[in-house]
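Notes for the one structure printed next.
Every chain is numbered from 1, with letters handed out A, B, ... down the list of sequences. These numbers were taken from a predicted model, which means no experiment stands behind them.
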Protein chains: 2
Amino acid sequence: MKKKERHQLLRQLVQQSVIRKQEEFVDILQKRGIDITQATISRDIKELQLIKVPAKDGGYQYNLPPDMNYNISKKLSRFMKDAFVSVDTQKEFVLIKTLPGNAFALGALIETANYQEVFGCIAGDDTVLIICRDEESAERFQRRIISYI
Amino acid sequence: MKKKERHQLLRQLVQQSVIRKQEEFVDILQKRGIDITQATISRDIKELQLIKVPAKDGGYQYNLPPDMNYNISKKLSRFMKDAFVSVDTQKEFVLIKTLPGNAFALGALIETANYQEVFGCIAGDDTVLIICRDEESAERFQRRIISYI
DNA sequence: GCAATACTAGTATATTTATACAGTATATTC
DNA sequence: GAATATACTGTATAAATATACTAGTATTGC
């Protein structure tokens, strides 16, 4: 079991089950025949940026990063690799061209991601217009987009 | 200083400053003349559902609750009110019909929301097929969707 | 191959956080 | 007002988590 695999598994576990403390991770992995200590879990949690959330019921529970960004960015990235055509900026605007029919979904993703630099966005069939907070944000956002391709 | 006020203050602090551990709260409050112990902070944090997030820089940092879901659900809700046509279940499947061209984006939102009961989803032009974990999840998810309309 | 370097993980322990318990204050009921 | 219940907090400590240190293993460059 490689670290990467374990990380995958931890993410899964956290979504499927209520895990209240690191020892519980250890126990569950034990049962699956994976020998690991609390220390390693602590380090994994740090890397994965998992968080311990006080639950309504009085207990605590580990959860995925509030940085859903992490997930969303991954999705965006995957999506971009498929559908991206071009990107350009002008003033505080960023214009992304996609393959026909894909822009709408891309816009929804960008909105959901809630990026600091984005003020709003409008999507057509093969074009997304992103209005950024200012010129600098637009450039920053363009760089971000390019990094996803 | 009443508990309520202190809670207010803690929320503010968490947004304004990087607070790495509970003792830091204590110190900051000390400096403002508020005498309080770590134990109380621990209880406050639990009530406020503040979370300790592993930061990119290797440290940790307290943060506001990840009521992210709240935001995504709000978006989904807004979206549904615009584009929803019908919903139905069969076995562990849920089928949502939308106005033409909207299904893809709805699918993206549903995926992003990462609902417990959803296993995966496929979107066409005016239809989203959601595969749930089991029959019961499907019903639960349908109820969720209906509540958004 | 071998040395140098970088990762990874366990052990032991330090640090941090949660909580049982007890005391004090505040509200509620009679 | 006295009696009782409820809420809040500090102290002391238990429980949980992070990390220094060490050793093993893989990777790189010679």
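Here B:T37 reaches the OP1 or OP2 of D:dG10: one of its side-chain N or O atoms lies under 4.0 Å away. Look at B:K21 and you won't find any side-chain N or O under 4.0 angstrom from OP1 or OP2 of D:dT17. Residue B:S42 places at least one side-chain N or O under 4.0 Å from the OP1 or OP2 atom of C:dA18. When the side-chain nitrogen and oxygen atoms of A:Q38 are compared with OP1 and OP2 of C:dG10, none of them lie within a distance under 4.0 Å. For C:dT17, neither phosphate oxygen OP1 nor OP2 lies less than 4.0 angstrom from any side-chain nitrogen or oxygen of A:K52. Not one side-chain nitrogen or oxygen of B:Y60 sits closer than 4.0 Å to the OP1 or OP2 atom of C:dT17.
Counting non-hydrogen atoms under 4.0 angstrom, B:Y62 reaches the backbone sugars and phosphates but no base. Across all strands, B:D35 comes closer than 4.0 Å only to sugar-phosphate atoms, never to a base (heavy-atom distances).
The heavy-atom pair separating B:T37 from B:V26 by the smallest distance is C-CG2, 3.9 Å.
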- Given side-chain contact (heavy atoms from CB on, under 4.5 Å), test B:H7 with B:E47 step by step and report yes or no. CA-CA 9 Å; B:H7 279 191; B:E47 284 185 53; 3.5 Å; yes
- Apply side-chain contact (heavy atoms from CB on, under 4.5 Å) to A:V14 and A:F25, showing your working. CA-CA 9 Å; A:V14 142; A:F25 280 113; 3.5 Å; yes
- Task: Apply side-chain contact (heavy atoms from CB on, under 4.5 Å) to the pair B:Q38 and B:E23, showing each step before the final yes or no.
- Result: CA-CA 6 Å; B:Q38 174 267 322; B:E23 284 297 344; 3.7 Å; yes
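If you measure from atom CG of B:L50 to atom P of C:dT16, you get 18 Å, rounded to the nearest angstrom. One atom, CD1 of A:I34, and another, C1' of C:dG10, lie 17 Å apart when rounded to the nearest Å. If you measure from atom CD1 of B:I51 to atom P of C:dT17, you get 14 Å, rounded to the nearest angstrom. Between A:I36 atom CD1 and C:dT11 atom C1' there is a gap of 14 Å when expressed in whole angstrom units. In this structure, the CD1 atom of B:I41 is 12 Å from the C1' atom of D:dT9, given to the nearest Å. A:F25 has its CZ atom 15 Å from the C1' atom of D:dA18, to the nearest Å. Distance CZ (B:R20) to P (D:dT19): 12 Å, rounded to an integer number of Å. Between the CD1 atom of B:I45 and the P atom of C:dT19 there is a distance of 12 Å, given to the nearest Å.
Side chains of A:Q22 and A:Y62: a donor on one and an acceptor on the other come within 3.5 Å. Checking A:K97 against A:T127 by side-chain atom types alone, a donor-acceptor pair falls below 3.5 Å.
Among the nucleotides D:dT17, D:dT9, C:dT16, the one closest to the side chain of B:T40 is D:dT9. Looking at the side chain of B:Q22, the nearest of the listed nucleotides D:dT17, C:dT16, C:dA18 is C:dA18.
For the helix from C:dG1-D:dC30 to C:dC30-D:dG1, the angle separating the two terminal helix axes comes to 40°, with each axis derived from five pairs and the value rounded to 10°.
Side chain of B:S17 to main chain of B:L13: a donor-acceptor pair is present (N/O by atom type, distance under 3.5 Å, no hydrogens or angles).
When the shell of 6.0 Å around CD of B:Q8 is examined, it contains 12 or fewer heavy atoms from other residues, nucleotides or ligands.
Looking at heavy atoms from C-beta onward, A:V128 lies out of side-chain contact with A:I122 at the 4.5 angstrom threshold.
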What protein N or O atoms touch nucleotides 5-8 of chain C N or O atoms at under 3.5 angstrom, if any, and at what distances?
{"from": "C:dT8", "atom 1": "OP2", "to": "A:K3", "atom 2": "NZ", "distance (Å)": "3.1"}

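Residues B:R140 and B:E136 are paired through a salt bridge, judged by an N-O separation under 4.0 Å between the basic side chain and the carboxylate.
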